[in-house]
Novice: 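Handing you this structure, nothing more for now.
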Amino acid sequence: MRIGVLGTGNMADALATHWVRAGHQVAIGGRDMHKAERLARRIGGGAQPAGLRAAAEFGQEVVLAALPFGAGADVARELHAALEGKALLDCSNPVGPGFRLLTEGGRSAARRLASAAPGAHVVKAFNLCHEDVWRMRPPVFGGRPLAVPVCGDDETALARVRELVRDVGCEPVAGGGLERAGLLEATAALFIALWVGEGADAQAIAPPLAYAAGPVPRESAGQGPQPSA
C-alpha cells in the first residue's frame, strides 16, 4: 500500500517503521520539513519526507493521522479534498490533565475527524498503548500477540487497517462502527489513569473470555457432572 503519515512524532515513527519493513511505501508529512526529513531518514526503507498535503495525496489507500487531538480535525479540514475516499486512520487520545477525557459529553476525536473530512473513511485503532509498545517487534505478551480493537464504518477501509495491524505483529479485533470509537477513547483514558496514576495493572481488571458471561459450569471446566445431594 501507499501510506501517507500526517505527523512526525513518536506514533508516526513507531507505526511507519513497521509498515516500511512490511514492504509498504510511506511518506512522512509534517509542517516542519526538517522534522519530516529526519524521521524519514530514521525509518529508512525508502520512506520519503513531504509536506502535510503531499503526504495526504501520496497515501492512495491509507492516511495515518498521527496528530495531537487538538490539531487533528483542523488538519483534516484543511486537507479534506486530498483525503477523499481514503482510509483515515486515527490513533489519537483526547486525554488531558488528571486523565480527563477531553471529549466528554461531545463527539469522539474520531467522529470529529470524520466531520472535518466527510469524504474520508475514518477508522479508529492503535490508541490503547504507549508508543514504545508499538515499537516492539512484535508486541507479544505471554506468548499471545497484542489484540488491537478497530472501529469504522467502511469495510474496505477496515480491511486495509486490519492488514496494517497484522503488519505490526498484532491481531485485529472488530470493535464495531465508528460510533464506538468514543468507547475506545474512554477506555484509553481509564487505562492511562490506572497505569500512570495508580500504578495498577489494567490488564488484570477483566476475567478470561470463558468467564465473561459468568462462572464456568463445573461440567464445562472438565470436572464432569456432580452428584445431586
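Side chains are part of it too, since the values below use all heavy atoms of this structure and drop only hydrogens, waters and symmetry mates.
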Novice: Identify, with sequence neighbours excluded, every residue that meets salt bridge (charged side-chain N to carboxylate O under 4.0 Å, His left out) alongside E198.
Specialist: none
Novice: Is there a donor-acceptor pair under 3.5 Å between the side chain of R2 and the backbone N or O of F58?
Specialist: yes
Novice: So does Q203 have more than 12 non-hydrogen atoms from other groups sitting under 6.0 Å from CD?
Specialist: no
Novice: Below 4.5 Å, heavy atoms only, C-beta onward: do P94 and L101 meet side chain to side chain?
Specialist: yes
Novice: Of all the heavy-atom pairs spanning V20 and G44, show the shortest one and how long it is.
Specialist: CG1-O, 3.5 Å
Novice: Examine distances only and state if a side-chain atom of E185 and a backbone atom of N93 form a donor-acceptor pair shorter than 3.5 Å.
Specialist: no
Novice: Show the nearest heavy-atom pair for residues A50 and A55, with the distance to one decimal.
Specialist: CB-N, 3.9 Å
Novice: Apart from L184 itself, what residues make up its hydrophobic cluster when side-chain heavy atoms of I, L, V, M, F, W and Y under 4.5 Å apart count as a link, directly or indirectly?
Specialist: L128
Novice: Provide the full list of salt bridge (Lys or Arg N to Asp or Glu O under 4.0 Å) pairs with a residue in residues 140-162, sequence neighbours left out, each pair given once.
Specialist: E155-R162
Novice: Do P139 and C170 have side-chain heavy atoms sitting under 4.5 Å apart?
Specialist: yes
Novice: Please list all pairs passing the salt bridge (Lys or Arg N to Asp or Glu O under 4.0 Å) test where one or both residues lie in residues 127-138, with sequence neighbours left out.
Specialist: D13-R135, D132-R135
Novice: How does the hydrophobic cluster around L102 look, that is, which other residues are in it when side-chain heavy atoms under 4.5 Å mark a link?
Specialist: F69
Novice: What pairs of residues pass the salt bridge (Lys or Arg N to Asp or Glu O under 4.0 Å) test when at least one of them lies in residues 78-90, not counting sequence neighbours?
Specialist: R31-E78, D90-K124
Novice: Just to verify, what does W134 make a ring-ring contact (aromatic ring centres under 6.0 Å, His included) with, not counting sequence neighbours?
Specialist: F126
Novice: With R111, which residues qualify under salt bridge (charged side-chain N to carboxylate O under 4.0 Å, His left out), at least two apart?
Specialist: none
Novice: With a 4.5 Å heavy-atom cut-off, do V62 and W19 have their side chains touching?
Specialist: no
Novice: Whether the side chain of H24 engages the backbone of M1 through a donor-acceptor N/O pair (distance < 3.5 Å, no angle test) should be reported.
Specialist: yes
Novice: Minimum heavy-atom separation for A16 and I28, please, with both atom names.
Specialist: CB-CD1, 4.0 Å
Novice: As an exercise, state the distance from CD of E163 to CD of E61, rounded to the nearest 0.5 Å.
Specialist: 9.0 Å
Novice: Would you say that V123 contacts V150 through its side chain, given a criterion of any heavy-atom pair below 4.5 Å between the two side chains?
Specialist: yes
Novice: Do D32 and T8 have side chains that approach each other closer than 4.5 Å (heavy atoms only, starting at C-beta)?
Specialist: no
Novice: Taking all atoms of both residues into account, what is the closest heavy-atom pair of S92 and A109, and its distance?
Specialist: OG-CB, 3.7 Å
Novice: Which residues pass the salt bridge (charged side-chain N to carboxylate O under 4.0 Å, His left out) test with R38, not counting sequence neighbours?
Specialist: none
Novice: Give the other cluster members for L6, using side-chain heavy-atom distances under 4.5 Å between Ile, Leu, Val, Met, Phe, Trp and Tyr residues; answer none if it is isolated.
Specialist: L52, V63, L67, V75, L79, L83, L88, L113, V122, L178
Novice: Taking a hydrophobic cluster as the set of Ile, Leu, Val, Met, Phe, Trp and Tyr residues connected by side-chain heavy atoms closer than 4.5 Å, whether directly or through intermediates, do V161 and L146 fall within one such cluster?
Specialist: yes
Novice: What pair of heavy atoms forms the shortest contact from G7 to A12, and how long is it?
Specialist: O-CB, 3.4 Å
Novice: Which residues satisfy the salt bridge (charged side-chain N to carboxylate O under 4.0 Å, His left out) test with E104, sequence neighbours excluded?
Specialist: none
Novice: When you measure from the side chain of R180 to the backbone of C151, do you find a donor-acceptor pair of N or O atoms at a distance under 3.5 Å?
Specialist: no
Novice: So does M136 get a backbone contact from the side chain of H18, meaning a donor-acceptor N/O pair under 3.5 Å?
Specialist: yes
Novice: Connecting only ILVMFWY residues whose side-chain heavy atoms lie within less than 4.5 Å of each other, what is the rest of V196's hydrophobic cluster?
Specialist: V95, F99, L190, F191, I192, L194, W195, I205
Novice: Does the side chain of V168 come within less than 4.5 Å of P138's, by heavy atoms?
Specialist: no
Novice: Please report the closest heavy-atom contact between A87 and A157, naming both atoms and the distance.
Specialist: CB-CB, 3.6 Å
Novice: I'd like to check V26 versus I43 (side-chain heavy atoms, cut-off strictly below 4.5 Å). Are they in contact?
Specialist: no
